Number of protein chains: 2
Amino acid sequence: MAIFSKTCEYAIRAVFYIAHKSAAGTKVGIKDIATGIDSPELYLAKILQDLSRKGLISSAKGPNGGFYINEASLNRPISDIVEVVDGNNLFYGCALGLKQCSEINPCPLHEQFKAIRSQIHELLDNTTINGFNEELMNGLLSLRK
Amino acid sequence: MAIFSKTCEYAIRAVFYIAHKSAAGTKVGIKDIATGIDSPELYLAKILQDLSRKGLISSAKGPNGGFYINEASLNRPISDIVEVVDGNNLFYGCALGLKQCSEINPCPLHEQFKAIRSQIHELLDNTTINGFNEELMNGLLSLRK
DNA sequence: ATAATAAAAGACAAAAATATCTTTTATTAT
DNA sequence: ATAATAAAAGATATTTTTGTCTTTTATTAT
């Protein structure tokens with residue numbers, strides 16, 4: 001098991017890619033993105049449609065169209081992407097999948113995972129979409145392979 | 001997305017349940033376990049067959065048979081269950097699903113998740129199967145709902 | 001207005017995860 | 001030996017996730 005669903009992995013990588021291009025002021029087409037992050041084009045299209053509907057990214061149809069991210073969204077945390085795609089189970093769900101698990105009715109791993117979960121949440125909350133851009137800019141980071 | 005697959009959630013809960021019974025010296029049948037942890041009986045049977053083949057738990061056929069855990073296995077870490085069922089991706093895999101992600105070729109979240117991953121690994125490595133038994137014994141912990 | 005471009009939308013397909021059903025094998029008690 | 005018990009094994013079914021194909025809508029440039 002991975003931390004994120006495949007859909008979410010694509011989503012984050014795509015948003016990073018779009019953000020990278022948006023920082024340079026250009027819109028970017030789905031083909032370009034799919035190639036840039038090595039994902040299935042038409043599946044990614046669905047994902048981006050969803051992110052677009054939810055207001056995380058923007059898009060424009062027609063010639064010179066494509067996906068882009070405005071200044072405000074660039075400063076949103078990565079946790080927003082995760083929540084939209086994978087929900088908040090990673091942040092709040094019981095590690096053993098118990099619906100009633102809580103402080104009062106804890107599962108055997110409740111205390112231990114409380115710490116882990118809050119750290120993941122904090123990390124994703126404190127990392128903004130453009131937070132990594134400088135490094136990505138310098139070609140020091142990878143979004144493919 | 002949850003941290004563990006559903007299969008792994010069932011596996012951990014079942015092993016805890018068996019351990020709890022084994023501490024009292026009794027074998028426990030699949031029906032009992034399935035009821036005890038609220039999981040689909042026949043699916044759980046498959047999972048336990050697997051854990052048994054891998055040597056994490058033991059089983060005996062026939063009357064008075066059932067599943068149990070020996071002393072040695074009781075002291076194994078929970079990470080062993082996770083590795084058997086979900087593999088080691090949670091401990092070593094890239095958060096963004098990139099195969100080539102590494103110290104030399106890091107994904108944008110590499111550094112941040114390195115810390116998280118090692119904490120999860122450490123936690124599961126340092127928690128033994130019977131580590132929680134006392135609390136479970138006192139009915140302070142839940143494996144259902 | 002028309003043609004070209006590019007995303008949106010809807011339907012469909014394949015693969016993986018989860019769940020169930022049936023038959024077989026091993027063990028125990030009678 | 002036989003019947004009863006309980007897990008193992010194999011086959012099948014369902015659901016969810018991932019991926020693809022086709023048609024439609026919006027925008028731009030000519």
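Order of the sequence lines sets the chain letters (A, B, ...), proteins ahead of strands, with each chain counted from 1. Just so it is clear, the structure is predicted and the values come from calculations on it, not from any experiment.
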Tabulate protein N/O versus nucleotide N/O from nucleotides 16-18 of chain C, keeping only pairs under 3.5 Å, one per line.
unit_1 : atom_1 : unit_2 : atom_2 : d
C/dT18 : OP1    : B/Lys6 : N      : 3.2
C/dT18 : OP2    : B/Thr7 : OG1    : 2.7

Using whole Å, report how far [atom1] of [X] lies from [atom2] of [N].
| X | N | atom1 | atom2 | result |
| --- | --- | --- | --- | --- |
| B/Lys27 | C/dT27 | NZ | C1' | 10 Å |
| A/Glu41 | D/dT20 | CD | C1' | 11 Å |
| A/Asp38 | D/dG19 | CG | C1' | 14 Å |
| B/Leu44 | D/dA6 | CG | C1' | 14 Å |
| B/Tyr68 | C/dT27 | OH | P | 11 Å |

statement: Closest non-hydrogen atoms of B/Met1 and A/Ser5, given as atom of the first, atom of the second and distance, are CG-N, 3.5 Å
- request: Quick one: closest heavy-atom pair of A/Leu56 and A/Asp80, and the distance?
  value: CD1-O, 3.8 Å
statement: B/S/- along nucleotides 7-14 of chain C (protein heavy atoms under 4.0 Å) is BBBBB---
field: Expected output: side-chain A/Thr127 to main-chain A/Leu123 donor-acceptor under 3.5 Å
entry: yes
- prompt: Would you say the side-chain atoms of B/Ser22 pair up with the backbone N or O of B/Ile69, donor to acceptor, closer than 3.5 Å?
  reply: yes
Euclidean distance, B/Leu48 CG relative to B/Ser58 OG, rounded to 0.5 Å: 11.5 Å
field: Rounded distance (nearest 0.5 Å) linking atom CD1 of A/Ile33 with atom CZ of A/Arg13
entry: 12.5 Å
field: Pair A/Tyr17 and A/Tyr10, ring centroids less than 6.0 Å apart
entry: no
- prompt: Got a sec, which hydrophobics cluster with B/Leu42, joining ILVMFWY side chains under 4.5 Å apart, including via others?
  reply: none
- prompt: When you check the phosphate oxygens OP1 and OP2 of D/dA29, does a side-chain N or O of A/Asn64 lie under 4.0 Å from one of them?
  reply: yes
message: If a pair means Watson-Crick or G-U wobble with both distances below 3.5 Å, what does DNA chain C look like in dot-bracket form, with | marking bases paired to a different strand?
response: ||||||||||||||||||||||||||||||
field: Criterion side-chain contact (heavy atoms from CB on, under 4.5 Å) against B/Ile3, the qualifying member of B/Leu90, B/Asp86, B/Val82
entry: B/Leu90
What pairs of donor and acceptor atoms, side-chain ones from residues 102-111 of chain A against any protein atom, are under 3.5 angstrom apart with sequence neighbours left out?
unit_1   : atom_1 : unit_2   : atom_2 : d
A/Ser102 : OG     : A/Ile104 : N      : 3.3
A/Ser102 : OG     : A/Asn105 : N      : 3.2
A/Glu103 : OE1    : A/Lys114 : NZ     : 3.2
A/Glu103 : OE2    : A/His110 : NE2    : 3.0
A/Glu103 : OE2    : A/Lys114 : NZ     : 3.2
A/Asn105 : ND2    : A/Gln100 : O      : 3.3
A/Glu111 : OE1    : A/Lys114 : NZ     : 3.2
A/Glu111 : OE2    : A/Lys114 : NZ     : 3.4

- prompt: Any ring-ring contact (aromatic ring centres under 6.0 Å, His included) pairs touching residues 60-98 of chain B, not counting sequence neighbours?
  reply: B/Phe91-B/His121, B/Tyr92-B/His121
